[in-house]
Amino acid sequence: MSSTDLPEVTGAVLPKVSAVRVEEGERLRQVGLPGLTLTVRSRPPSREGLPPALYVHGLGGSSQNWSALMPLLADTVDGEALDLPGFGDSPPPDDGDYSVTAHARAVIRHLDAAGRGPVHLIGNSLGGSVSTRVAAARPDLVRTLTLVSPALPELRIQRSAVPTGLLALPGMGALLGRLARDLTAEQRTRGVLGLCYGDPARVSPEAFRNAVEEMERRMALPYFWDAMVRSARGIVDAYTLGGQHGLWRQAGRVLAPTLLVYGGRDQLVGYRMARRAAVAFRGSRLLTLPDAGHVAMMEYPDEVAAAVRELLADAGETLPPVSRRSTGSAAATADEVSPADGAGDPSQGS
């Protein structure tokens, strides 16, 4: 191991930290698999017999990222949200592998063990690339696919996304960890919200306090930066893969009906990528939210929920609700996307 690498913590005795927040109506359980322990957040569906769904969070996130969306879809799907290995309340994997493929393997192993597949798979950011790989490799496990700002390779990344990419460099995690010690949890949280939200002012005071508590909890985990660095490195590695393992090639192999959600103020995934993604995922539909940032399901959960409902209804997976909030003309099938929809030029939606 290089002197600049973060130390391994797998198998270490971890210190006690504050409990993970659980919203009213939610449940947490741990699932033990060989070499892997996963924490799963669930919310009981409003009625029996609903099709299963699985939510997969992004880099630095957790299953809590779906707490705003899950109750809105509780009458449509039987939803579970996964904490990827090393994130949320899931401990690091025994093998220390945080690649996109390893995360996808964890999702597949969970679905195979639980026998819940095929599911409506919903992923954000890193979870979007993981979900793409799952849908391409195991179409039998995926009914529909919803991707919110998926982390797919970009030739020209946004300047605001450069620091996240730098996490992959040797020694950067340790350096950022030392620099972060000089910041309060409130300062760190404001920085994250400013990067991920189109308008951080949409975060309520209570939600901000909860986010600060979660930040304090995460920073107390000795493997926090290790999981961040290795997962960021996994994204960079996945971006450089070519051939049949390339993420764009795998996007073209996805058979499940697909919904793509992009935010016009996303500082991590380029809004301009919406058009390419809409073409890559065959027969997909696109929801563009000009004022949203990187986590549209947290900023605009009603609009995202309505689009998911429409996807499932059109795919014959569920009956459309009697009444729902309309997304207007923002959602379109891939072959309807044109510059007039605002998917071609980021400046049209900002």
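What you see below is based on every heavy atom in this structure, not just the backbone, and it leaves out hydrogens, waters and symmetry mates. Keep in mind the model is a prediction, meaning the values are calculated, not measured.
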Subject >> Partners passing side-chain contact (heavy atoms from CB on, under 4.5 Å) against S90 (at least two apart in sequence or in another chain) >> reply: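 Residues passing side-chain contact (heavy atoms from CB on, under 4.5 Å) with S90: L38, T39, D83.
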Please say whether the positively charged group of [X], taken as NZ for Lys or CZ for Arg, lies over the ring of [Y], i.e. under 6.0 angstrom from the six-membered ring centre and within 45 degrees of the axis.
X: R41; Y: W66; value: no
X: R230; Y: Y223; value: no
X: R202; Y: Y300; value: yes

**OP:** Would you tell me whether E26 and S42 have side-chain atoms, one donor and one acceptor, within less than 3.5 Å of each other?
**Re:**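 Short answer, no.
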Original post:
Judged by modelled atom types alone, do T144 and H120 share a side-chain donor-acceptor pair under 3.5 Å?
Top reply: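 On atom types as modelled, these side chains qualify, holding a pair under 3.5 Å.
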Under 4.5 Å between any side-chain heavy atoms of [X] and [Y], yes or no?
X: V261; Y: L259; result: yes
X: Q64; Y: V20; result: yes
X: L54; Y: I122; result: no
X: N124; Y: V295; result: yes
X: L147; Y: T132; result: yes
X: L126; Y: H57; result: no
X: V236; Y: R233; result: no
X: E303; Y: V308; result: no

Subject >> D78/R43 ion pair, N-O < 4.0 Å >> reply: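 No.
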Original post:
Salt bridge check: are D314 and R309 linked by an N-O gap of less than 4.0 Å?
Top reply: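 Salt bridge absent between D314 and R309.
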Report the residues that fulfil side chain to side chain donor-acceptor pair (under 3.5 Å) with [X], sequence neighbours left out, ordered by chain and then residue number.
X: S99; value: D97
X: S129; value: none
X: Q250; value: R133
X: R116; value: E80

Pairwise distance [atom1]([X]) to [atom2]([Y]) - rounded to 0.5 angstrom:
X: L183; Y: M219; atom1: CG; atom2: CE; result: 8.5 Å
X: S131; Y: Y55; atom1: OG; atom2: OH; result: 12.0 Å
X: D226; Y: L221; atom1: CG; atom2: CG; result: 11.5 Å
X: S63; Y: L82; atom1: OG; atom2: CG; result: 8.0 Å
X: R190; Y: E186; atom1: CZ; atom2: CD; result: 7.5 Å
X: Q187; Y: T184; atom1: CD; atom2: OG1; result: 3.5 Å

Subject >> Y98 and F87 aromatic ring geometry - parallel, tilted or perpendicular at 30°/60° bounds >> reply: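 F87 vs Y98 ring planes: perpendicular.
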Measure across [X] and [Y] and return the closest heavy-atom pair with its distance rounded to 0.1 Å.
X: F281; Y: S284; value: O-OG, 2.9 Å
X: L145; Y: A135; value: CD2-CB, 4.1 Å
X: C196; Y: E299; value: O-OE1, 4.3 Å
X: A74; Y: L50; value: O-CD1, 3.3 Å
X: P301; Y: M297; value: CB-O, 3.3 Å
X: A232; Y: L59; value: N-CD1, 4.0 Å

**OP:** Taking ring-ring contact (aromatic ring centres under 6.0 Å, His included) as the test, write out the residues that go with H294, two or more places apart.
**Re:**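 Per chain and number, H294 pairs via ring-ring contact (aromatic ring centres under 6.0 Å, His included) with no residue.
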With clusters defined by side-chain heavy atoms of hydrophobic residues (ILVMFWY) lying less than 4.5 Å apart, directly or transitively, does [Y] cluster with [X]?
X: V40; Y: L33; result: yes
X: L152; Y: M273; result: yes
X: V254; Y: L247; result: yes
X: V56; Y: L36; result: yes
X: L193; Y: L69; result: yes

Subject >> Residues D266, Y262; criterion side chain to side chain contact (heavy atoms under 4.5 Å, CB included); working and verdict >> reply: CA-CA 8 Å; D266 194 330; Y262 280 83; 5.7 Å; no
**OP:** Given side chain to side chain contact (heavy atoms under 4.5 Å, CB included), test T258 with R285 step by step and report yes or no.
**Re:** CA-CA 6 Å; T258 301; R285 58 180 60 207; over 6 Å; no
**OP:** Determine, stepwise, if the pair V212 / R209 fulfils side chain to side chain contact (heavy atoms under 4.5 Å, CB included).
**Re:** CA-CA 5 Å; V212 171; R209 289 193 298 271; 5.7 Å; no
Subject >> Stepwise side-chain hydrogen bond (donor to acceptor under 3.5 Å, both in side chains) test for H103 and S231 >> reply: CA-CA 9 Å; H103 284 314; S231 291; 3.2 Å; yes
Subject >> salt bridge (charged side-chain N to carboxylate O under 4.0 Å, His left out) between R218 and E214, intermediate numbers included >> reply: CA-CA 6 Å; R218 293 182 188 183; E214 175 61 14; 2.8 Å; yes
Original post:
Can you list the steps and then say if D291 with R265 is a salt bridge (charged side-chain N to carboxylate O under 4.0 Å, His left out)?
Top reply: CA-CA 6 Å; D291 295 325; R265 296 182 178 179; 3.6 Å; yes
**OP:** Check whether any side-chain N or O of W248 sits under 3.5 Å from a backbone N or O of A280 as a donor-acceptor pair, and report yes or no.
**Re:**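 Between the backbone of A280 and the side chain of W248 there is no qualifying donor-acceptor contact (under 3.5 Å).
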Subject >> Derivation of the side chain to side chain contact (heavy atoms under 4.5 Å, CB included) call for L141 and D112 >> reply: CA-CA 8 Å; L141 291 179; D112 279 340; 3.8 Å; yes
